[in-house]
Structure formats: structure tokens, C-alpha cells
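In each ligand, atom 1 is the first atom listed, and ligand 1 is the first ligand listed. Worth knowing before you read on, the calculation uses all heavy atoms, side chains too, and leaves out hydrogens, waters and symmetry mates. Since the model is a prediction, treat every value here as computed from it, not as a measurement.
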Amino acid sequence: MAGKVTVLRLSHRRSRDVRVTSHCALVSRAFGADGFLLCGERDEAMLLSANKAARKWGGGFGADYCDNPRKFAREFDGAKVHLTMYGLPLMAEIGKIRRRLAKENLLVIVGSEKVPAEFYGIVDFNIAVGSQPHSEVAALAVFLHELFEGRELEKKFANAKIRIIPSQNGKNVEKT
Ligand code: SAM
């Protein structure tokens with residue numbers, strides 16, 4: 001695939017979203033995205049922890065802060081997807097999105113509180129991972145899994161300081 005995938009997390013609130021936003025970043029990295037942008041309240045501790053995990057477990061993933069998500073999304077050079085239960089069914093649209101990623105970058109937007117209506121118009125695809133309310137973490141995981149057709153689970157993370165040797169019994173971890 002030619003393009004890079006960036007996940008943009010809207011409207012982070014330090015008081016209540018730290019765990020869910022951190023999980024969005026971890027899922028983004030583990031499921032094949034290249035970068036993560038935090039919007040809403042600035043949260044250096046959250047970004048530090050995401051980047052620390054990325055250095056430890058390897059790969060080129062990085063997390064950063066974005067102070068103007070509207071401008072960033074409007075000016076993004078590539079295809080834009082917003083994950084929302086009100087959108088079109090994932091399985092009907094994912095082929096088109098994969099074809100876009102084959103030739104350009106992809107921005108994947110997830111919300112926390114109510115997503116401003118403007119975002120629905122800025123993006124190329126409003127995508128529902130089922131038309132029921134659930135979670136940005138689940139929506140992101142399923143979306144990326146379908147986008148990469150499962151190949152993300154076999155991704156190699158270069159320059160890892162730590163690596164799990166899959167095992168039936170107990171924890172087998174290799175430090176490099
Ligand atoms: N009430 C909010 C709204 O109206 O946008 C949504 C809150 S939901 C807990 C937070 C985020 O999870 C959403 O912005 C969306 O990105 C994601 N999400 C939740 N359910 C989803 C679904 N069925 N399909 C796609 N994304 C979903």
C-alpha cells in the first residue's frame with residue numbers, strides 16, 4: 001500500500017478520556033496506522049506515554065498534538081474517513097477506501113463527545129462500524145482490521161527493544 005494512515009482523535013478531555021484516548025493510540029499503532037494526532041485538550045503525558053510505547057515496541061509510529069483539527073482535516077492531502085455510527089456501512093465502502101489508500105494517504109477521524117457537524121462534510125467517507133453506538137477504540141480496531149484485511153496482525157515492528165515470542169504457556173519475552 002502506498003499511502004500512510006494517520007488517526008485523528010477529536011475533543012480529548014484530560015479529566016475523562018485519558019484511558020480511552022491512550023487505547024486509541026495503542027490500537028492505531030498495533031493495527032497498522034503510521035501516526036496519531038491528539039486534538040482537544042493538550043495532554044503531554046498521554047503523548048509521551050504513546051511515543052514511549054512506540055519506541056519500546058518498535059516501528060515508525062508517532063503521536064503528536066494537533067491544535068486545529070478542522071483546518072488539518074480540510075487541508076489534508078489524501079482521503080478522509082470519519083468513523084460514526086450514522087455513516088454508511090463499513091463493508092460496503094471499505095473496497096473504495098482501500099483503493100484510495102493504494103495511491104494516497106488516509107486520515108481516519110474518531111470522536112469522543114458529540115462530533116461537530118462540519119466534520120461530516122469535510123470528509124470523503126462517513127463510515128459506520130455497524131449502526132449501533134459503541135466505542136472509538138472498537139470502531140478503530142475493526143476499521144483498521146478491515147482496511148488491512150488482517151495483514152496488520154503480522155506486521156513486523158522494526159527496532160523494537162522488546163518482542164514477544166508467541167507461546168502457549170506463559171510469557172516469553174525477548175529483549176533486543
Ligand atoms: N455521541 C457521539 C456523536 O454523536 O458523535 C459519539 C460518541 S462515541 C462514544 C465516540 C466515537 O466512537 C464516535 O465519535 C465514533 O468515532 C466512534 N463510534 C462509536 N460507535 C461507532 C459506530 N457504530 N461506527 C463507527 N464509529 C463509532
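- Contact annotation for atom 12 (O) of ligand 1: protein present (non-hydrogen atoms, distance under 4.0 Å).
- In this structure, the side chains of Val81 and Asp124 stay at 4.5 Å or more apart for every pair of heavy atoms.
- Residue contact check: Ala128 has heavy atoms under 4.0 Å from atoms 24 (N) of ligand 1.
- Geometrically, ligand 1 and Gln132 share a nitrogen or oxygen pair separated by less than 3.5 Å.
- Residues Phe143 and Val108 are in side-chain contact: their nearest non-hydrogen atoms beyond the backbone lie under 4.5 Å apart.
- Dense packing is recorded around NZ of Lys155, with more than 12 heavy atoms of other residues, nucleotides or ligands lying under 6.0 Å away.
- Between Phe31 and His145, the ring-plane angle classifies as perpendicular under the 30° and 60° cut-offs.
- Under a hydrophobic clustering in which Ile, Leu, Val, Met, Phe, Trp and Tyr are joined whenever their side-chain heavy atoms come within less than 4.5 Å, directly or via other members, Val115 and Leu37 fall into the same cluster.
- Not one N or O of Ile127 is nearer than 3.5 Å to an N or O of ligand 1, by distance alone.
- Annotation: Gly111 places an N or O atom under 3.5 Å from an N or O atom of ligand 1; distance criterion only.
- Contact atoms of ligand 1 toward Ser135: 12 (O), 19 (C) (distance under 4.0 Å to a heavy atom of the residue).
- Side-chain polar atoms of Asn126 and His82 form a donor-acceptor pair below 3.5 angstrom.
- For atom 4 (O) of ligand 1, the nearest protein heavy atom (residue, atom name, distance) is Tyr86 CE1, 4.0 Å.
- Using a 4.0 Å cut-off between charged nitrogen and carboxylate oxygen, Glu41 and Arg13 do not count as a salt-bridge pair.
- When the options Pro133, Gly87, Ser112, Ser11 are ranked by their closest heavy atom to atom 6 (C) of ligand 1, first place goes to Ser112.
- Residue, atom and distance of the protein heavy atom nearest to atom 10 (C) of ligand 1 are Glu136 OE1, 3.3 Å.
- Less than 4.0 angstrom separates some heavy atom of Ala139 from each of these atoms of ligand 1: 25 (C), 26 (N), 27 (C).
- Ligand-side atoms of ligand 1 in range of Thr84: 24 (N), 25 (C), 26 (N), range being under 4.0 angstrom from any heavy atom.
- More than 12 heavy atoms of other shown residues, nucleotides or ligands fall within 6.0 angstrom of atom OH in Tyr120.
- At the top of the distance list for atom 5 (O) of ligand 1, counting protein heavy atoms only, stands Val115 N, 3.5 Å.
- With ligand atoms numbered from 1 in the order given, ligand 1 contributes 22 (C), 23 (N), 24 (N) to contacts under 4.0 Å with heavy atoms of Gly130.
- Checked against a 3.5 angstrom limit, the closest N/O atoms of Leu83 and ligand 1 fall inside it.
- Annotation: atom 20 (N) of ligand 1 to nearest protein heavy atom, His134 N, 3.2 Å.
- For the pair Lys4 and Asp34, the tightest heavy-atom approach, listed with the atom from each and the gap, is CA-OD2, 3.3 Å.
- The shortest N or O to N or O distance between Val129 and ligand 1 is under 3.5 Å.
- The environment of CZ in Arg16 is sparse: at most 12 heavy-atom neighbours from other residues, nucleotides or ligands sit within 6.0 Å.
- In terms of polar-atom proximity, defined here as any N/O pair under 3.5 Å, Lys114 makes no such contact with ligand 1.
- By the 4.0 Å N-to-carboxylate-O rule, Arg29 lies too far from Glu152 to be salt-bridged with it.
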